[in-house]
Amino acid sequence: MRILVIGSGGREHALVWKLAQSPLVTEIFVAPGNGGMDGEKITSVPVRADDIAGLVKLARDKRVDIVVPGPELALTMGIADALEIVGIPCFGPDRYCAQLEGSKSFAKNVMEKSGVPTAACAVFRDANAAKDFVRAQGAPLVIKADGLAAGKGVIVAQTEQEALDAVDSIMCQKSFGEAGACVVIEECLKGEEVSLLCLCDGTHVVPLPSAQDHKAAYDDDTGPNTGGMGAYSPAPILPDSELEHMSDLVIRPVLEHLAHEGHPFTGILYAGLMMTEKGPKVLEYNVRFGDPECQPLLSRLDSDLASIILACVRGELSRELVHCTPKSAVGVVITASGYPGSYNKGMPIEGIDEAEALSDVKVFHSGTKRDGDAVVANGGRILCVTALGESLTQARDKAYEAVSRIRMPDSRFRTDIGLKGIRRLNEQQQEG
């Protein structure tokens, strides 16, 4: 097979890395790619991930068999629909289904119709009406830009004034552009977050092991939201024994609703969950692999990813195709110092080979580019250093040992990735 992967981040590097291992795959094109995506099967092509016409032309010119979109933007812009017209399968949902991520109000409506548990909410297109609602409800509240905001359009307001300021920032100051023309205001759920990613072929669902992302910029979940500072899998709060039950609760009802609407969902459906005292509730849906959850999850995948994707686009997905190692995986993201605010680029990166000399360690490139023979920083999130271990503690130790071998000026990383899971495991053992 010849495959086109769309995107340039760590998630896409993980997809390319895993697909390249398949004996079914002869060539991988990646658009636009980054400084780490190289290999005998891999060719980077300078086509932007939001250039739908350019991507379709590339897929046709290169005679690719399947297109695998990494980021959500291409899906919400209708890449799957455009490819269907020219007869090329896409491992991702059509534009209608992609609204699950592209519009939080759409997702809330689908959850309500599907009976999926979620936070109570109200939707507003008028800033004054939204502010009146805030004053009537009081805090804490969660204010969300309705559209795509690169994972940063969610503000948890602990006071009424913070909530009013959030509405003003999103709707009046347009801090997230047109994504904030509409806001969703939700009750503030308390609990621990966990990610459930499921493979879907329009009818069948196979859950992947649980994972937990770390969105906040700094240790102890403090600071502004980012695209993700690290992830680990599995997350003890959602053990393997509960994956099918959780899929029945929050994934399969949505798939059935979308199919009934004439839009069967193919690809990855990702539920961001809050495990509350009253049970699990969906915070949001994504319609693709998470970044950085993808890196630990694909590190744990023992099966042939190309075979799984082929089965999904053919409507032939089965549980027997998907096998993951019982080992744990931890991914630590190294960012530019100023991220998610303004940051420098062009910093030289050294020590990647030294990090990967450790067993079961892979350094996935996110914001990098080639500068001659050197690799330099070219984004906010630069690397995701990912390690496998017999336990979560061992995987974490190995990941941070690998991080210590990488040298890059003007960079930083969180030092507590995975600790929440280790603490929960310790508590479970004490209770047991």
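A salt bridge is absent between E431 and R424: the closest approach of a Lys/Arg side-chain nitrogen to an acidic carboxylate oxygen does not fall below 4.0 angstrom. In summary, K104 and E186 do not engage in a salt bridge, as defined by a charged side-chain N under 4.0 Å from a carboxylate O. Under 4.0 Å is where a charged nitrogen must lie from a carboxylate oxygen, and between E192 and K420 no such pair does.
Applying the side chain to side chain donor-acceptor pair (under 3.5 Å) rule to pairs touching residues 29-42 yields D38-R370, sequence neighbours excluded. Pairs engaging residues 11-29 under the salt bridge (Lys or Arg N to Asp or Glu O under 4.0 Å) rule: R2-E27 [sequence neighbours left out]. Listed by first and then second residue, the side chain to side chain donor-acceptor pair (under 3.5 Å) pairs that reach into residues 388-397 come to none, sequence neighbours excluded.
By the 30° and 60° cut-offs, the orientation of the rings of W17 relative to F364 is perpendicular. F413 and Y400 have tilted rings, their planes meeting at an angle from 30° to 60° on a 0 to 90° scale.
A donor-acceptor contact shorter than 3.5 Å links the side chain of S233 to the backbone of S210.
No hydrogens or angles considered: nothing links the side chains of D201 and T266 as a donor-acceptor pair under 3.5 Å. Side-chain contact check for S169 and S175: at least one donor-acceptor pair (N or O, by modelled atom type) lies under 3.5 Å.
Under the ring-ring contact (aromatic ring centres under 6.0 Å, His included) criterion, Y232 pairs with H214, not counting sequence neighbours. Remark: F176 engages no residue in a ring-ring contact (aromatic ring centres under 6.0 Å, His included) (not counting sequence neighbours). In this structure, E178 has no side-chain hydrogen bond (donor to acceptor under 3.5 Å, both in side chains) partners at least two apart in sequence or on a different chain.
Taking the centre of each ring, Y285 and Y270 stay at or above the 6.0 Å mark.
One finds the CG atom of L305 at 6.0 Å from the CG atom of L298 (value rounded to the nearest 0.5 Å).
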